[in-house]
Each structure stands twice: as C-alpha cells, then as structure tokens.
Trainee: 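This is the structure I have questions about; it appears just below.
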Amino acid sequence: MLVQGRPNPKSPKTHNNNSNSSNRALPTVHPNRFSESKSLDFSTWASENLYKIVTILLLIATVAALFFLRNVGDTAALLCFESQSQQLETIHFPNINWNSIEPIVDKTTPYANFRSEKWVVVSVSDYPSDALKNLVKIKGWQVLAIGNSKTPPDWSLKGTIYLSLEQQAQLGFRVVDFLPYDSYVRKTVGYLFAIQHGAKKIFDADDRGDVIDNDIGKHFDVELVGEGARQEVILQYSHENPNRTIVNPYVHFGQRSVWPRGMPLENVGEIGHEEYYTEVFGGKQFIQQGISNGLPDVDSVFYFTRKSGLEAFDIRFDERAQKVALPQGMMVPVNSFNTLYHSSAFWALMLPVSVSTMASDVLRGYWGQRLLWEIGGFVVVYPPTVHRYDRIEGYPFSEEKDLHVNVGRLTKFLVSWRSGKHRLLFEKILELSYAMAEEGFWSEKDVKFTAAWLQDLLAVRYQQPRLMTLELDRPRATIGHGDRKEFVPQKLPSVHLGVEEIGTVNYEIGNLIRWRKTFGNVVLIMFCSGPVERTALEWRLLYGRIFKTVIILAEQKNEDLVVEEGRLDYLYKWLLDLALSVETWMRNFESSISALWGLLEESPFASCGVLVGSFNCYSGAISGWEHETGKTCCDDNRRQAMRFKLGSRVSVLRSNRLKSCGGSALYQALYQNTLLVAFDMLLVDCLHLDCALFGQPLETTTVAVKLRRAILPRHLPSIFNRYSSAEGFLFLHDDTIINYWNLLQADKTKLWITDKVPESWTPVRDDGNSDWFTQQAELVNKVVNSMPVHFQVSYKESMPDPSSTTLCSSEVFYVPRRFVSDFIDLVNLVGNLDMHQKVAVPMIFLSMDSPQNFDPVFAPMTYKPDQPSTNSTASYSPEVPAVHPWGVSSEQEFIKLVRIMAAGDPLLMELV
C-alpha cells in the first residue's frame with residue numbers, strides 16, 4: 001500500500017558516503033492523481049466565504065436600522081424609503097352606495113330621547129379637572145366627555161354625559177373599529193353622538209382650558225343666521241400673493257415670536273405684520289379657531305427652546321384685536337381644544353388615526369380647510385377665548401413626527417389639489433383622503449376610516465352641504481386702494497430663547513437673569529398719578545425687564561399706551577357737589593376762596609402741609625364745575641390771578657409746615673401717615689363749621705361727600721383673575737421706587753407691606769376728636785364683625801383694642817398667590833363702603849395673616865412723609881429695598897432716576 005508523503009524509516013546504523021547509492025529508489029507518483037488535503041482552520045474557511053458573510057451582515061444591519069429609525073420617529077430619514085415603498089403598495093378606493101346606508105339609532109344609552117343644539121366635546125383621561133367643572137357651568141351648552149383606556153373606571157361629573165369604552169362600542173358606529181384605545185382621537189365617537197342628538201354647534205375643547213368669562217359667545221360667532229347673528233364684515237388676509245399658502249395668526253394678535261403647532265418651521269421667521277387686509281362678509285365662518293392665553297397651541301420645538309427650567313408659560317394675546325378670516329388659497333393651523341364647528345362643517349371633525357397623536361388634529365384642520373372651500377366656507381381666527389394652564393410637561397418631538405417634515409408639503413399639495421366632477425361633497429371628501437394616502441400624508445387606514453366616518457354621518461341623519469364653485473379657479477380680482485384695510489397689531493411682551501445662567505456669563509447679565517428668574521412670574525401693578533404720556537413707557541422700560549408684566553393704572557384710560565383706568569374719586573367732585581348745592585359759592589368765587597383760605601390758615605392743619613394739593617384741587621373744581629354746567633366761572637385773567645395767589649400761598653406754607661401740628665396726637669399721627677388723609681379729614685370737618693363761605697352750617701348728610709377711596713377694591717381682583725398663573729402681585733405707587741435687587745431674599749409666599757416702617761404704618765386710637773376718624777373706625781368694626789371666623793380671629797389677635805385702627809400709606813405691598821382668594825373675599829366685604837384706602841389695606845392684611853408672619857423686606861426702606869418739591873440724590877440709596885418719595889413726571893427726571901439706580905443695576909445705563 002502506498003502512503004503519500006510518508007517519510008522513509010531511518011537505519012539504526014551509521015551511513016557512510018556510499019549509503020545513498022545503495023538505497024532502492026521509490027516509484028514516481030503523478031502530481032494530479034490525488035488532490036492536496038484542505039486545512040480545516042477558521043481563517044481559511046472565513047477567507048473562502050467572505051462574500052457570504054458580508055452579505056448576511058449587511059442584511060441584518062439594514063433590518064436593524066429600519067426598526068430603530070421607525071421606533072425613534074426619525075421621519076426625515078425614512079421619508080424617502082417609505083414614499084418609495086408606498087408607491088409599490090396598492091391603495092384601494094372604497095366603493096360606497098350612498099343611498100343604501102341604514103340609520104343608526106341610540107338604543108343603548110339613557111340619553112336616547114335627549115336633544116341639544118350646542119355641545120362641548122372633550123376627551124378625559126383623569127378625574128374631572130377644575131377647567132372641566134367650569135365648562136359644565138356654561139349655560140346652554142351640554143358637555144360630552146369621551147373616555148379611553150386611561151380614564152378611571154369610576155369617572156363621573158354631574159351635568160356631564162360620559163361615554164366609557166364599553167358604551168362607545170355599543171353605539172353601533174363603524175368608526176369604533178379604527179380608533180386606538182388610549183388616544184383623544186376617540187372624540188370622533190363623541191362628535192357622532194352629539195350630531196345624533198341634535199347638535200348644530202360643537203365646541204371642540206379639552207379639560208385644561210378655562211373659557212374666558214365663561215361665555216363661549218363672547219368672541220365666537222355662535223349664531224351665523226337669525227336674530228342672534230352678528231351681521232358684520234370681517235377683516236381678511238390679503239390674497240394678493242398666490243404663493244403664500246400659510247399664515248401665522250399669532251402675529252395678528254400681538255405675539256410675533258410665537259408660532260402655532262402645525263406651522264412649517266421654515267415659516268416661523270415670518271414675523272412682519274400685514275401691509276394691508278381686505279374684508280369679507282360674515283355668515284360662512286363654519287370653522288372658528290380661538291386663540292388661547294397662558295399656554296397657546298405651540299409645538300415641542302417652541303416649548304423646549306423658549307423656556308428656562310420649570311417656569312410655566314403665561315403668554316398673552318391682544319384681546320382687542322379684530323377677528324381675521326382666511327381667503328381661499330391660504331391656510332392656518334387648526335387644533336382640537338379651542339375650535340367651534342358649525343353644522344355645515346361637521347364632516348371636518350374627523351380625526352385621522354394613522355398619524356401621530358399630536359399631528360392628528362393639525363392634519364384634520366388642513367384637510368378640512370381645503371374641503372371647506374368647496375362649499376364656500378372659510379376659517380376665522382378669533383381673539384383669546386380660553387386660558388390654558390401650562391402643566392410643565394411638553395410632548396416629545398417624536399409625537400409630532402408627521403408635522404415638521406410633511407406639513408409644508410401638505411399645504412402646497414392641498415392648495416393645488418383639484419377634484420373630479422362629483423355631485424356630492426362626500427365624494428370629494430373621500431377622493432381627497434385617497435389622494436393624501438397616495439402622497440404619503442397618511443395611510444390607507446385613514447382612507448377606510450374616512451369611508452366609515454362618512455357612512456356614520458349619513459346614518460345619524462346628517463345632511464351634506466351643497467357644493468359651490470371654487471373661487472381659486474376664478475380670476476383673482478385686483479385689490480384696489482379703497483379695498484385695503486389697515487390694521488397694525490400690537491407688539492406684546494413675548495417669550496425669547498430660554499437662557500440658563502452659567503459661570504461664563506457676564507456678571508451684570510448674570511444678575512439680570514437671576515432677578516428675572518426670581519420675579520419673572522410676579523405681576524407689577526403701578527398706579528400713576530402723574531402724566532402717563534410722559535412716564536408710562538418709561539416705567540415699563542424700567543421694570544418690564546424684571547417682572548412678568550407691568551400693568552399701568554391711571555385716573556384716565558389711554559389705549560395707545562395700554563394704560564388702564566384706575567380712577568380715584570376726584571376731590572373736585574366734592575367741591576363740585578357743594579358748588580351745585582350752594583350757588584352763591586360760584587357767584588362770588590374769589591371772595592369765597594379768600595374766606596376759605598383764611599379759615600384754613602387758622603386750622604390745626606395750616607402748617608401741616610394740608611394745602612399742598614389745594615392748587616390742583618381748586619383748579620380741578622373750577623374745570624369740573626364749568627364742564628358740568630356749561631358755564632364760565634371767570635375769564636382767563638382772573639383764573640390766572642387766582643392760580644398765582646393759591647400757588648404763592650402753598651409755597652409759603654410748605655416752608656413752615658413743620659412748625660406745628662395742632663397739638664393733637666391724632667392729628668400728629670395723621671400727618672406722619674399721610675397729608676392726604678389730613679386734607680380729606682379737614683374737608684369733612686369744614687362742613688360742620690359756621691363758615692363765612694356758605695353763610696350757614698352744612699351737615700355732611702346734606703351733601704354728597706366722596707372721599708378718596710382705594711382703587712384696590714375696584715381693580716385688583718380683576719387683575720388677579722386675569723393673571724391666574726402668576727406667583728404674586730406687587731402693588732406700587734409712582735411716587736415710590738423699588739430697588740428690586742434688594743428683594744431677592746424676600747419670601748414670595750408671604751405678605752409684604754410697610755408694617756415695620758413707623759412713618760407709614762401707624763396704629764391710632766379714636767379719641768372722639770374727629771368725626772371722619774370715628775366714621776372710619778365704625779366702618780372697620782362693621783366689616784370685621786361681618787368677616788368669617790378665621791378672618792376675625794386673625795384681625796382681633798393683631799388689634800385687641802376695638803377702639804384702635806391702623807393707618808397705612810400703602811405705597812407698596814405684595815400679595816402672594818395663596819392669599820389672592822382671601823384678598824378678593826375681604827375686598828368684597830368692604831364693598832361700596834366709604835372706607836379709605838389707608839384704612840382698608842391694613843385691615844385686609846391684618847385679617848389675612850398675623851403681622852409676625854409678614855416678610856419684613858421693606859423694614860429698612862427709606863421713607864419720608866414730606867413730599868419734597870424736587871428729587872434729591874441724597875435721599876436715594878441703592879442699599880435699601882425701596883425709596884419714598886420720588887417723583888417722575890418727565891423724560892428728564894426718568895433719565896436722572898435711571899442713572900442713580902445704575903449703582904445697583906449697571907445695565908440700566910444701556911437705557912439712556
């Protein structure tokens with residue numbers, strides 16, 4: 001046997017040189033007769049099968065990448081692949097016999113015989129919210145709550161119709177088979193239920209928004225025809241640019257840097273206001289989109305890039321801006337939580353099911369707007385109609401995956417889309433749904449869902465609107481000069497990119513960020529007694545950098561400067577009432593003033609500065625009397641002479657005002673507290689004197705006496721309600737300056753007031769020497785005795801002596817959110833009583849909490865009861881929390897103030 005390659009055995013003996021020649025030669029084997037044996041090691045196998053291994057690894061990687069990208073929602077990466085794969089899929093167009101659809105009747109719920117024309121449809125996933133409870137209270141509207149798999153099984157709310165998953169399944173609607181169990185899109189069942197039970201209007205809402213003033217019809221056009229309809233023309237965006245297919249409505253309502261969810265990101269930079277508008281007759285605004293204050297409808301990109309930390313959004317829009325309509329060819333994002341649908345647009349309520357939840361209502365809105373043009377209808381956007389609260393929880397970007405890539409392309413597709421020749425609207429609806437599936441905006445599932453939705457609409461006896469000629473196919477009319485309507489939106493305070501304070505930030509910028517973080521959710525309410533035309537913008541410029549917003553109140557409203565009316569009872573009205581009741585006063589005005597002046601000089605208040613305001617007071621009395629009666633008191637020469645005499649007397653008394661205070665402890669306290677209180681008191685006391693001015697004594701009961709009362713009971717509660725998410729409210733008179741950098745250590749959950757400033761906060765005992773003070777003390781006791789027990793206990797513990805009353809000048813104080821409801825309740829108890837502000841405010845504070853719990857932040861403030869004729873830099877200190885008094889009545893004085901405040905806030909120098 002031949003063994004290949006086997007070596008010959010060696011000889012045990014030593015071979016000599018001739019040994020090789022003596023060996024026998026082996027036969028030669030042909031090299032191709034046997035193949036060479038293969039090595040069985042892994043490296044050899046891998047090299048021979050390398051192409052197979054690479055092919056298998058590439059296939060596995062491709063499949064893994066596809067699953068990963070689909071799970072994380074990267075639509076942009078999959079868009080090309082999905083569009084190509086969808087082209088290979090065959091989408092079947094549903095065939096429906098519109099004339100053979102059987103009616104669906106409610107036989108399973110207790111509401112079979114219930115009918116209502118106005119419905120509110122909400123989706124609920126938790127127990128009833130406060131906002132939902134408020135919705136139930138709106139008169140004339142029936143709330144319908146739709147449950148899902150997240151809804152508690154024992155959910156209930158009196159006055160609400162609730163449909164659980166089990167009840168929804170028993171209604172017999174075709175759409176139920178397509179709806180997810182855990183999504184708000186189950187509201188589709190609610191729409192059908194409402195239509196089945198007589199709906200003519202459906203308000204699409206959610207359970208986190210309060211309707212402003214609990215009146216859906218305050219801004220919305222609930223009635224389009226009949227007696228309740230507003231027969232008016234509506235402002236409309238210009239259609240001059242045919243390439244403009246989408247618009248940001250937030251710009252029109254004062255917020256240029258905010259954009260709605262569903263706005264293409266490439267369009268968010270279009271912040272310029274309209275050059276001009278046109279007009280359209282109302283009556284066909286079948287879809288009405290409301291704006292939301294607080295947290296408007298914004299996308300995740302805005303939500304996560306425009307805020308810092310856990311600060312809640314509270315964005316405000318211009319409630320006085322006109323509603324605005326969209327012409328054919330132009331669209332706007334429409335949502336599902338603040339939209340009113342009229343019956344002619346009920347078919348547009350369908351929420352798609354094959355797209356992400358945060359894209360469903362937006363895609364529905366664009367789809368519905370395009371079809372709305374087929375019946376001659378249009379969308380109108382309205383001023384703020386609800387206030388939504390920011391729960392500090394944004395939706396992840398992945399849930400909006402169908403928006404940011406597709407929405408821009410969708411609007412262009414919809415504007416260019418034209419349907420075939422159909423006789424029925426529902427045929428066009430089904431055709432557009434099919435076309436959108438072919439383009440990849442949603443899947444074939446939504447085509448089938450649309451078919452089920454339309455059949456269910458007919459089954460609940462919904463009547464299709466008639467088709468009309470599409471205006472887009474007509475030649476566009478030229479917009480003439482007379483057709484152009486101007487409207488310049490306001491530029492309201494907005495939200496900019498969130499900034500986190502880091503070590504590399506400049507020191508001054510870091511301070512500004514820290515102050516803004518501390519007071520960014522505090523509302524500053526400032527009352528201006530001076531000329532707002534010269535100071536309103538300056539105050540906002542100074543304090544608006546720090547606080548959430550600055551509300552300016554003045555005795556006269558100024559819409560151009562956004563100054564609200566915070567009207568004090570004018571002192572001249574008191575003199576006016578006297579003048580009208582005693583005609584001789586005006587017949588001999590000059591001699592009367594001289595007599596009264598002599599009386600004042602002899603009074604205990606003559607040297608206490610009580611005549612500081614007399615100059616303006618008597619000038620106001622003259623002007624008021626002339627305005628009311630149409631008569632002329634005196635010519636300009638006599639008027640100027642009288643003004644000069646009064647002014648000179650005031651100057652003389654100012655220099656001597658500290659000589660005497662009448663010797664009375666009460667008068668001394670009043671003087672230290674406020675000169676205005678003393679002046680009010682003097683005017684009342686004068687009514688009891690046998691003065692030469694009137695020739696006979698007058699009783700207060702015979703004259704309409706109106707002292708200066710607080711603006712607080714009249715205005716603060718409404719402001720509290722307007723800024724319901726604010727952390728607190730800081731009230732400030734314009735004669736007091738706050739150094740906000742020294743308020744950082746204050747507790748924003750406590751009350752702040754000047755109770756530790758003895759010149760401002762003065763307990764006074766009624767010694768019976770003043771009818772005015774006795775009257776105020778009686779009013780305090782009357783209000784205290786009517787208080788609930790917890791308020792009474794708090795007040796009486798702080799003021800154990802019922803004959804004592806506290807006076808406070810109240811130039812600055814702070815009310816935190818947790819005390820707002822108590823403050824409003826106490827203000828309501830005061831009601832229309834003639835209680836002075838300087839009496840009412842300390843009474844309210846002592847009733848809300850004990851003074852030992854007040855934050856003493858204002859204790860070291862600079863406070864001087866005397867009002868200087870000019871501001872002095874020596875009286876200002878950047879080391880104290882506040883300075884009083886300090887007057888600003890012109891731009892020059894404001895610049896001076898800013899320069900000295902720059903010692904505490906160097907960035908203020910950038911303002912001047």
Side-chain angles (χ1 to χ4, degrees), residues 75 79 234-253 256 258-278 280 284-289 291 297-299 301-302 324-335 339 345 348 352 355 359-381 400 402-419 428-429 431-433 435-436 438-442 468-479:
T75 306
L79 180 61
I234 302 174
L235 210 63
Q236 180 179 253
Y237 286 102
S238 169
H239 59 261
E240 187 175 44
N241 182 3
N243 296 321
R244 189 184 185 193
T245 60
I246 195 168
V247 65
N248 181 359
Y250 292 172
V251 176
H252 177 84
F253 293 97
R256 299 182 301 160
V258 186
W259 66 88
R261 179 172 54 95
M263 188 78 180
L265 295 181
E266 60 267 25
N267 295 102
V268 300
E270 300 172 1
I271 61 175
H273 67 79
E274 302 298 307
E275 181 180 354
Y276 60 87
Y277 295 79
T278 59
V280 63
K284 292 190 176 181
Q285 56 270 38
F286 301 140
I287 299 179
Q288 303 175 12
Q289 176 64 64
I291 298 291
D297 185 22
V298 295
D299 59 25
V301 176
F302 180 91
V324 58
L326 282 297
Q328 291 191 15
M330 188 178 295
M331 295 184 172
V332 68
V334 173
N335 58 51
T339 313
V355 296
S360 180
D361 56 345
V362 175
L363 264 64
R364 174 190 74 171
Y366 287 127
W367 169 81
Q369 287 178 77
R370 174 59 188 86
L371 292 165
L372 196 63
W373 302 342
E374 300 288 344
I375 60 173
F378 51 87
V379 173
V380 171
V381 184
E400 298 174 354
D402 298 300
L403 287 180
H404 301 296
V405 174
N406 289 337
V407 70
R409 186 170 65 94
L410 173 62
T411 57
K412 293 180 175 62
F413 165 77
L414 291 173
V415 171
S416 62
W417 177 79
R418 297 296 183 272
S419 67
K428 288 181 178 286
I429 294 175
E431 181 184 354
L432 178 57
S433 295
M436 289 179 61
E438 287 187 318
E439 293 293 325
F441 296 113
W442 56 36
M468 298 184 66
T469 304
L470 193 66
E471 293 183 6
L472 283 178
D473 295 333
R474 301 177 184 174
R476 289 293 183 111
T478 303
I479 302 176

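Throughout, numbering of the chain's residues begins at 1 and tracks the sequence.
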Trainee: Please name the pair of heavy atoms, one in W442 and one in S433, separated by the smallest distance, quoted to 0.1 Å.
Mentor: NE1-O, 3.0 Å
Trainee: Given side chains that start at C-beta, do those of P264 and I246 come closer than 4.5 Å, heavy atoms only?
Mentor: yes
Trainee: On a heavy-atom basis, which atom in G440 and which in N406 lie closest, and how many Å separate them?
Mentor: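 Minimum heavy-atom separation between G440 and N406: O-ND2, 4.4 Å.
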Trainee: Nearest 0.5 angstrom please: K284 NZ to I234 CD1, how far?
Mentor: 12.5 Å
Trainee: Heavy atoms, side chains only, cut-off 4.5 Å: are V268 and F302 in contact?
Mentor: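 Side-chain contact under 4.5 Å: no.
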Trainee: Could you tell me whether the side chain of N248 reaches within less than 4.5 Å of the side chain of E270, counting heavy atoms only?
Mentor: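 Contact flag for E270/N248 side chains = no.
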Trainee: Less than 4.5 Å apart, any side-chain heavy atom of Y237 and any of V332?
Mentor: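 Side chain of Y237 against side chain of V332, heavy atoms only: no contact under 4.5 Å found.
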Trainee: How close do L326 and V247 get, counting heavy atoms only, and between which atoms?
Mentor: CD1-CG1, 3.4 Å
Trainee: Quick one: sort the F441 and F413 rings into parallel, tilted or perpendicular, breaks at 30° and 60°.
Mentor: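 F441 vs F413 ring planes: tilted.
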Trainee: Find the distance between NZ (K428) and OG (S419) and round it off to the nearest 0.5 Å.
Mentor: 2.5 Å
Trainee: Is it true that a side-chain atom of E439 and a backbone atom of A435 form a donor plus acceptor pair closer than 3.5 Å?
Mentor: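 No, the answer is negative, given that no donor and acceptor are paired below the 3.5 Å cut-off.
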Trainee: With side chains defined as the heavy atoms from C-beta onward, is the minimum distance between R261 and P333 less than 4.5 Å?
Mentor: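 SC-SC contact between R261 and P333 ruled out.
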Trainee: Any non-hydrogen side-chain atom of I429 less than 4.5 Å from a side-chain atom of E374?
Mentor: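 Of all side-chain heavy-atom pairs linking E374 with I429, none is under 4.5 Å.
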Trainee: Test your reading of the model: is there a side-chain donor-acceptor pair from Y366 to the backbone of G262, 3.5 Å cut-off?
Mentor: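 Yes: the side chain of Y366 pairs with the backbone of G262.
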Trainee: Grab the two heavy atoms, one from G329 and one from V415, that are nearest each other, plus how far apart they are.
Mentor: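 Looking at all heavy atoms of both residues, the shortest contact is O-CG2, 3.8 Å.
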Trainee: T469 and R474: which non-hydrogen atoms are nearest, and at how many Å?
Mentor: CB-NH2, 3.5 Å
Trainee: Side chains of P327 and M330: does their closest heavy-atom pair fall under 4.5 Å?
Mentor: yes
Trainee: Knowing that exactly one of V298, V251, V301, N267 qualifies, which makes a side-chain contact (heavy atoms from CB on, under 4.5 Å) with W259?
Mentor: V301
Trainee: Could you check whether R244 pairs with E274 (Lys NZ or Arg NE/NH1/NH2 to Asp/Glu carboxylate O, under 4.0 Å)?
Mentor: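 Salt bridge flag = yes for E274 with R244.
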Trainee: Could you check if a side-chain atom of L432 sits within less than 4.5 angstrom of a side-chain atom of L414, using non-hydrogen atoms only?
Mentor: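 Counting from C-beta outward, L432 and L414 do come under 4.5 Å.
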Trainee: Determine yes or no for a side-chain-to-main-chain donor-acceptor pair under 3.5 angstrom, with Q328 supplying the side chain and E471 the backbone.
Mentor: yes
Trainee: Return the minimal non-hydrogen interatomic distance between R370 and R418, and the atom names on each side.
Mentor: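 R370 and R418 have their closest heavy atoms at NH2-NH1, 3.9 Å.
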Trainee: Might you work through the side chain to side chain contact (heavy atoms under 4.5 Å, CB included) test for Q285 and F378, ending with a clear yes or no?
Mentor: CA-CA 5 Å; Q285 56 270 38; F378 51 87; 3.7 Å; yes
Trainee: From Q289 CD over to I291 CD1, what is the distance, rounded to the nearest 0.5 angstrom?
Mentor: 6.5 Å
Trainee: Looking at T278 and S238, would you say the former's side chain and the latter's main chain have a donor-acceptor pair under 3.5 Å?
Mentor: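 The answer is no, because no donor-acceptor pair under 3.5 Å joins these two groups.
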